[in-house]
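Scroll down for the structure; my scribbles are underneath it.
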Amino acid sequence: MSNVRTINLKNACKALERSADQERQWRPAFHLAPMTGWLNDPNGLCQYGTTHHIFFQYSPFDTKPGLNYWGHYSTEDFVTYQYHEPGLCSDEKFDCHGVYSGSALEQEEKLYLFYTGNVLQRDDPDYDYITAGREHNTIRAESTDGIHFEKKTVLLYNRDYPEDVTCHVRDPKVWKDGDSYTMVLGSRRKDDVGEILVYRSDDLTQWKLANRVTSDTPFGFMWECPDCFILDGVQFLSFSPQGVAAQDWKYHNIYQSGYCRLDGDLYGTNRLDAFQEFDHGFDFYAPQTYLDKQGRRILIGWMGMPDCDYGYPEREYGWANMLTIPRVLHQRDGKILQEPLPELRQLRGRMRCGHVSGETTWEKLSVYEADILFTEIDSAEVCFGTDGVISWKDGFLTLTLGESGYNRPMRQVPLEKLRRLQLFCDASSIEIFANDGEAVFTSRFYANAAKSKLTILAEHAEAAVWELNSIRIQNLFSGRKL
């Protein structure tokens, strides 16, 4: 966009980034974080030509949600990244209070971005933020270089959605299906039931409602960030439901993210199998996937959680939150497995390894990858940072954090056997993959780097530990180095 509002917004953002606090205490080595301000949902994930583009919800002027842009990183190899000017800004009447989440589609040598334009009408006498006084417009922008976007076009206004849904309709995910295009939107009905709206189009401009998908019994009041994809011939519907009550070990975050196997036709009769959570840690929400040129389904999530009471001490330094590492998705018996992206092995530095029989400790270890193979064990415990513990006992895998968790106490998931643990530990985060991604825990945690260590307690295990080098970021926007 080239209007005056866009230019002024980008100039203000650039000036802020250049003057931001350079403190690196909690800055990640191999995760993507905002230069300054607030980050949340990953958006517009795609591979355009040979370049992977990673957009994200970005509020540069505060460390909490505010006027959202789309921040923008790109990479060829997931080791060296380029940081660009914001891909989208709130610069039109139909998106003046935020460019909200959406997706990307490459078509006929163009890159299209689809997003939600947020408009608040606080002067509406019936304003309640749910059924009146808010616009959630579905909008398309386009680019010929993947960097500069123009020609914003409103595809759907509130009046175009079904009459029984609230003003909460958002997060378009668009893909080509045969000779036409499909778009799914998350929505909240007026009876406080979440569902997915399915639209079809022949030209990416005119969209018609084709179907509505929801669970047999109500499952939360709002379904955000919908996605639909096929893995090895099995169709899945992914979404982030809000308003789901905790059950035993399940659904203990304020909001959840997960998937259902979709039996039947997305555009006709179908049925959703049981909801499965993607991640059982404290900080994982709003994931999005895309298909790369190798045919891999890659997932990236927001390493954060909305409306929670967790501590994020990096806010003291003018920034908040980060994205997860990229993960390749596979399916087995109708369940999704998550594999850390193999390209991350390029970050491996000095290696330490050894046989564990009882207890083994590596001192002064804070940024690393650990791969631990267990043999015929009844229990195991891995301690990381200063007080983080991942343990397996009595058929449960449990993550426990002490003071370094900043109000993140414990999460767990049933796991019949423990064969393998992979840990990706960064300056203020941990991602744990059990049994080749059968169970995953993602969390922020804030340990003293000088006192951080890794301890494995198990009867029989083999461990390989690599210190990880930092990703490299070339800043093409503000010139500030991370």
| message | Before we go on, tell me: are the rings of Phe239 and Phe275 under 6.0 Å apart, centre to centre? | response | yes
| message | Under 6.0 Å between ring centres: does that hold for Phe477 and His84? | response | no
Are [X] and [Y] close enough that a side-chain donor and a side-chain acceptor fall under 3.5 Å?
X: Arg188; Y: Thr166; result: no
X: Asn270; Y: Asp265; result: no
X: His31; Y: Asp426; result: yes
X: Thr51; Y: Glu76; result: yes

| message | Does any part of the side chain of Glu431, heavy atoms only, come nearer than 4.5 Å to the side chain of Phe441, both counted from C-beta? | response | no
| field | Identified ring pair (Phe, Tyr, Trp, His ring centres under 6.0 Å) counterpart of Trp26 within the set Phe445, Trp319, Tyr446 | value | Tyr446
| Applying the ring pair (Phe, Tyr, Trp, His ring centres under 6.0 Å) test to Phe278, which of Phe236, Tyr259, Phe433 qualifies? | Tyr259
| Are more than 12 heavy atoms from other residues, nucleotides or ligands located less than 6.0 Å from atom NZ of Lys64? | no
| query | Is a side-chain donor or acceptor of Trp38 paired with a backbone partner of Pro60 at a separation under 3.5 angstrom? | reply | no
| task | Quick one: which residue pairs count as a salt bridge (charged side-chain N to carboxylate O under 4.0 Å, His left out) with a foot in residues 366-376, not counting sequence neighbours? | result | Arg348-Glu369, Asp371-Arg420
| Which of parallel (below 30°), tilted (30 to 60°) and perpendicular (above 60°) describes Tyr310 and Tyr312? | tilted
